[in-house]
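Working notes for the structure below.
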Amino acid sequence: FADYLNHYETRIADHSHLFPGAELAIKNLLMDGYGLAVCTNKTEHLAILLLQKLGVAGHFKAICGRDSFAYQKPDARHLTSTIEKAGGVTRHAIMIGDTRTDIDTAKAAGIPVVAVDFGYTDVHVRELGPDKVISHFDQLWEAVAEVAPTLGH
């Protein structure tokens with residue numbers, strides 16, 4: 001496993017790229033005053049490295065991985081601690097995710113979740129009960145605006 005991680009780290013962005021519309025969605029949310037954070041089960045070091053290589057790490061107030069805290073997704077504390085580290089407030093947060101784990105984590109934390117339907121699930125994310133489903137990051141700003149009024153944003 002250690003050999004795999006070393007190999008992965010040296011090639012972390014060789015075939016990785018942002019999904020279409022992701023960078024513009026990030027910039028639009030930032031321009032609208034949202035603070036952004038990453039909560040992943042990838043190790044923190046590798047998550048930061050990948051986002052740096054993709055040129056977007058600087059947009060996030062916190063990038064937290066499976067080793068950032070004593071717990072990880074789907075434990076709600078992983079998400080709430082990430083929000084806290086980013087200087088956010090849980091009752092004003094929205095999770096954007098692509099897996100059952102992301103949706104379960106957001107629900108456990110009492111946070112609305114927008115799910116993308118091009119992630120890693122064994123069933124369509126709609127079946128997992130997110131608050132909103134999108135098929136392209138061009139739809140993210142509208143989806144966030146739709147769930148945000150219940151948050152007092």
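Every heavy atom of this structure was used, including side-chain atoms; hydrogens, water molecules and symmetry mates were not.
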Can you give me the closest heavy-atom contact between Ile63 and Ala47, atom names plus distance? CG2-CB, 3.9 Å
I'd like to know if the side chain of Glu142 and the backbone of Gln139 have a donor-acceptor N/O pair within less than 3.5 Å. no
For Val147 and Val114, what are the C-alpha separation, side-chain angles and deciding distance, and is it a side chain to side chain contact (heavy atoms under 4.5 Å, CB included)? CA-CA 8 Å; Val147 300; Val114 174; 4.3 Å; yes
Hydrophobic cluster membership, with links at side-chain heavy-atom distances under 4.5 Å among I/L/V/M/F/W/Y: are Leu54 and Leu29 in one? yes
Between Ile83 and Val89, is any pair of side-chain heavy atoms under 4.5 Å apart? no
Are the side chains of Ile134 and Ile96 in touch, meaning some heavy atoms are under 4.5 Å apart? no
Rounded distance (nearest 0.5 Å) linking atom CG of Leu79 with atom NZ of Lys107: 14.0 Å
Locate the shortest heavy-atom distance separating Pro20 from His136; write the atom from each residue and the value. O-CE1, 3.4 Å
Looking only at the aromatic ring of each residue, does the gap between the centers of Phe137 and Phe118 stay below 6.0 angstrom? yes
Aromatic ring proximity His78/Tyr71, centre distance under 6.0 Å: no
Can you tell me how far CD of Glu23 sits from CG of Leu18, rounded to the nearest 0.5 angstrom? 6.0 Å
To the nearest 0.5 angstrom, please state how far the NZ atom of Lys27 sits from the CG atom of Leu30. 9.5 Å
Side chain of Asn41, backbone of Gln72: donor and acceptor closer than 3.5 Å? no
Are Val133 and Val113 connected into the same hydrophobic cluster when the rule is that any two of I, L, V, M, F, W, Y join if their side-chain heavy atoms are below 4.5 Å apart? yes
Can you find a pair of side-chain heavy atoms, one from Ile26 and one from Phe60, that are under 4.5 Å apart? yes
Arg126/Asp117 ion pair, N-O < 4.0 Å: no
What's the separation between atom CG in Leu140 and atom NZ in Lys132, rounded to the nearest 0.5 Å? 11.5 Å
Between SG on residue Cys64 and CG on residue Asp67, distance to nearest 0.5 Å: 9.5 Å
Keeping Asp102 on the side-chain end and Asp98 on the backbone end, is there a donor-acceptor pair under 3.5 Å? yes
Write down the atom of Ala93, the atom of Ile111, and the distance for their closest heavy-atom approach. O-CG2, 3.3 Å
If Ile, Leu, Val, Met, Phe, Trp and Tyr residues are connected whenever their side-chain heavy atoms lie under 4.5 Å apart, and connections chain through other members, are Val56 and Met95 in the same group? no
Work out which heavy atom in Pro74 is nearest to a heavy atom in Ala108; give both atom names and the distance. O-CB, 4.4 Å
Of all heavy-atom pairs between Ala37 and Ala86, which one has the smallest distance, and what is that distance? CB-CB, 3.9 Å
Glu9-His45 side chain donor-acceptor pair, cut-off 3.5 Å: yes
Cluster question for you: counting only ILVMFWY and a side-chain heavy-atom cut-off of under 4.5 Å, with indirect links fine, are Ile103 and Phe19 together? no
Pair Val125, Val116 - check side chain to side chain contact (heavy atoms under 4.5 Å, CB included), show working. CA-CA 7 Å; Val125 291; Val116 300; over 6 Å; no
Is any side-chain heavy atom of Ser68 closer than 4.5 Å to one of Thr82? no
Taking atom CG of Leu128 and atom OG1 of Thr99, what is their separation to the nearest 0.5 Å? 8.5 Å
Hey, is CD on Glu84 packed in by over 12 heavy atoms from elsewhere, all under 6.0 Å? no
Checking Asp75 side chain against Arg77 main chain: does a donor-acceptor pair fall under 3.5 Å? yes
Main-chain N/O of Cys39 paired with Lys73 side-chain donor or acceptor, under 3.5 Å: yes
Does Ile12 belong to the same Ile/Leu/Val/Met/Phe/Trp/Tyr cluster as Tyr120, with side-chain heavy atoms less than 4.5 Å apart forming each link? no
